[in-house]
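For reference, the structure is listed below as structure tokens.
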Amino acid sequence: MNEWQRKSPLDWETYVNKMVKVAAIEKHEYEGWVLTIDPVSASIVLATFLENEKVSISVVLGHAIQEVEILKEGDDEMKQRLSCIFAPEESKAYSPEEEEKRKNALKTWLETNHIPVTEQGESGRTLCVAGVLTIDPPYGPEECSSSNEIILSRVQGLIQGYLEKQQ
Amino acid sequence: LRLPRGPDGCSRGFSPTSLRFQALLGGDTVAAQGARAALRQRYLRGLAAARGRPTRFCLRAGVQVDAVFGAADVEAVAFQVDALRTPLGVQAAALLRCADVLAYSF
């Protein structure tokens, strides 16, 4: 493990949203805006903006990093731009009442199918299935989270089928 | 995922000295764990965005190969790619060891 890999996550966080120059082994150099640093491999994810509005992403693996030099700070506009690159797709926005209706309809359907479900979180907007999977608004397959991939896949399939039947 | 023992690899597929295992043992403050989670989530979204894209991998000794990004594993041991272009032809599917990859871009 090199010095870069031994840094703490709080240290790595200070590089996010900054323009950096990364010196890697075998005399490679990479420059770009830091999107994130993977805490598992200490790899740096850099974004470079090309002329045609496109973004090129480069990932430098942690084990190859020798030195990281901060060139400049990103302003608010740049931070916004960077956070949008990997942002999940904007789903159709529902009003609070519609969201509540969707939540209750899904909750009822799950209970009818003998799947234990409770409401969680501030204002009870998150559904919790069998204590191991959570569903956030707007309650589609993409909003399911779980650390058990088998349950995740099953529930996503169920919800997908449920939503299709609703159409 | 069991790979043949590499020059500096643990054939168990995970290394007891890996960052992930160290983090699992604890010793992080709440703030550090929060930072770790936020950084990792962004990274995972990045991997999801890479999937299916033509990617150029920079390997050691100046070797560069093109392939279509498939997936990465949890312990950062290997990358799975499709349509790997090598001097011997195109491999439909292949694994690239993380220890051999210096950087990749898409």
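Computation of the quantities below employed the complete heavy-atom set of this structure, encompassing side-chain atoms and omitting hydrogens, waters and symmetry-equivalent molecules. All values reported here derive from a predicted model rather than from experimental measurement. Lettering follows sequence order; numbering is per chain, from 1.
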Side-chain donor/acceptor of A:R125 to backbone N/O of A:P137, under 3.5 Å:
no

Would you check if the side chain of B:R97 reaches a backbone N or O of B:A78 as a donor-acceptor pair within less than 3.5 Å?
no

Less than 4.5 Å to any heavy atom of chain B: does that hold for the side chain of A:T48, its backbone, both, or neither?
neither

Please determine whether a side-chain nitrogen of the Lys or Arg among A:K103 and A:E99 lies less than 4.0 Å from a carboxylate oxygen of the Asp or Glu.
no

Return the option, out of A:A24, A:S56, A:S58, with the maximum number of heavy-atom pairs under 4.5 Å with chain B.
A:S58

Ordered numerically, the heavy-atom neighbours of chain B under 4.5 Å found in residues 38-47 of chain A are A:D38, A:P39, A:V40, A:S41, A:A42, A:V45

Is A:E26 close to chain B through its backbone or its side chain, or both, or neither, when contacts mean heavy atoms under 4.5 Å?
side chain

Max heavy-atom pairs within cutoff under 4.5 Å with chain B, candidates A:V59, A:T36, A:V60, goes to A:V59

Side chains of B:V81 and B:V65: does their closest heavy-atom pair fall under 4.5 Å?
no

Please check: side-chain N/O of A:N2 versus main-chain N/O of A:W4, any donor-acceptor pairing under 3.5 Å?
yes

Let me see the working for B:Q64 and B:D66 under side chain to side chain donor-acceptor pair (under 3.5 Å), right down to the final yes or no.
CA-CA 7 Å; B:Q64 283 194 354; B:D66 291 330; over 6 Å; no

Heavy-atom distances under 4.5 Å only: say whether A:V22 touches chain B with side chain, backbone, both or neither.
neither

Can you check whether B:V30's main-chain N or O pairs, donor with acceptor, with B:Q33's side chain at less than 3.5 Å?
no

So which part of A:S8 gets closer than 4.5 Å to some heavy atom of chain B, the side chain, the backbone, both or neither?
neither

Side chain of A:T108, backbone of A:N104: donor and acceptor closer than 3.5 Å?
yes

Contact origin within B:A31 toward chain A - heavy atom pairs under 4.5 Å
both

Of the backbone (N, CA, C, O) and the side chain (C-beta and beyond), which part of B:F79 lies under 4.5 Å from a heavy atom of chain A, both, or neither?
side chain

Test your reading of the model: is there a side-chain donor-acceptor pair from B:R60 to the backbone of B:A99, 3.5 Å cut-off?
yes

Ignoring hydrogens and geometry, is there a side-chain-to-backbone donor-acceptor pair from A:N17 to A:L82 under 3.5 Å?
no

